[in-house]
Amino acid sequence: MEPLSKQFYCRNTTDVAKELLGKLLVRDLQGKVMVGKIVETEAYGAHNDPASHAYRRKTDRNAVMFGEQGHAYIYFTYGNHFCLNATARDSLPAGAVLIRAIEPTEGIEQMLRNRETSVSTNIGSGPGKLTRAMKITMEQNSADLCTAGELYIAGSNDQRNYKIRRSSRIGIVRGVDKAWRFFISENLHVSKKLKSK
DNA sequence: CTCTCGATGCACT
DNA sequence: GTGCATCGAGAGA
């Protein structure tokens with residue numbers, strides 16, 4: 001599995017978010033490999049985006065969003081969960097793509113153990129769930145996603161023509177006007193609540 | 001199936 | 001002190 005190049009991430013953040021759909025998230029724990037197909041993403045910008053961590057200024061937490069493209073930006077939230085982003089931007093000072101959901105393709109047994117569940121249908125259906133399943137924590141923050149190390153994103157041989165849908169982002173109150181969430185519709189359940197928004 | 005609600009810890013005001 | 005880029009249990013339908 002070949003990592004995506006840095007150039008892939010040096011473009012408009014929303015374009016990168018859309019094109020990460022169908023790509024493979026790879027977690028290598030000393031040879032024990034877990035892989036999942038990315039099926040849901042969200043783009044977060046800089047001073048142009050009130051929902052973004054990088055909206056106001058560079059701080060210790062969001063510094064990676066202002067750094068080199070193609071790196072992991074990870075943060076801890078709601079007292080329990082880690083969320084994984086890939087830094088991506090062109091002319092703006094900061095930007096990242098939140099990986100919201102994966103569909104496991106390899107190492108499923110290991111992911112189930114990490115999640116402490118036997119329900120295989122929703123292993124990676126949420127940003128906090130997929131980091132738990134793949135043992136992704138702050139230790140991987142700023143990791144280079146363009147080299148085949150412990151965490152990276154690879155291209156896929158699956159050339160199916162996905163139906164890509166987009167909507168407002170989830171779990172935010174500001175910036176709801178931007179349709180910067182992208183997902184592969186056949187894989188995701190869209191609740192009534194979201195439809196009515 | 002749908003919806004509500006509390007847990008939880010840290011960054012930032 | 002306030003507010004989260006969330007999750008899962010539990011109740012109701």
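Both backbone and side-chain heavy atoms feed into the values below; hydrogens, waters and symmetry mates do not. Chain naming here is simple, since letters A, B, ... match the order of the sequence lines and numbering starts at 1 in each.
Across all strands, A/Phe76 comes closer than 4.0 Å only to sugar-phosphate atoms, never to a base (heavy-atom distances). Heavy atoms of A/Arg174 sit nowhere under 4.0 angstrom from any nucleic acid atom. Within the 4.0 angstrom heavy-atom criterion, no nucleotide atom of any strand lies near A/Asp60. At a threshold of 4.0 angstrom between heavy atoms, the contacts of A/Arg57 are confined to the sugar-phosphate backbone, with no base atom among them.
C/dA5 is unpaired under the Watson-Crick or G-U wobble criterion, no partner having all donor-acceptor distances under 3.5 Å.
Taking atom CD1 on A/Ile74 and atom C1' on B/dA11, their separation rounds to 17 Å, with Å as the unit.
Side-chain atoms of A/Arg56 lie closest to B/dT13 of the nucleotides B/dT13, C/dC7, C/dC4.
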**Request:** Start with the C-alpha gap between A/Arg169 and A/Glu42, add the side-chain angles, then the distance that decides, and say whether salt bridge (Lys or Arg N to Asp or Glu O under 4.0 Å) holds.
**Result:** CA-CA 7 Å; A/Arg169 291 168 292 180; A/Glu42 285 178 359; 5.5 Å; no
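In summary, the side chains of A/Arg181 and A/Ser167 do present a donor paired with an acceptor at a separation below 3.5 Å, with no hydrogens or angles considered.
If you look at A/His53 and A/Tyr75, their ring centroids are closer than 6.0 Å.
More than 12 non-hydrogen atoms from other residues, nucleotides or ligands lie less than 6.0 angstrom from CZ of A/Phe76.
Stacking annotation: A/Tyr44 is stacked on the base of C/dA5 (ring centroids less than 5.5 angstrom apart, interplanar angle below 30 degrees).
Side-chain N/O atoms of A/Thr59 include one lying less than 4.0 angstrom from OP1 or OP2 on B/dC12.
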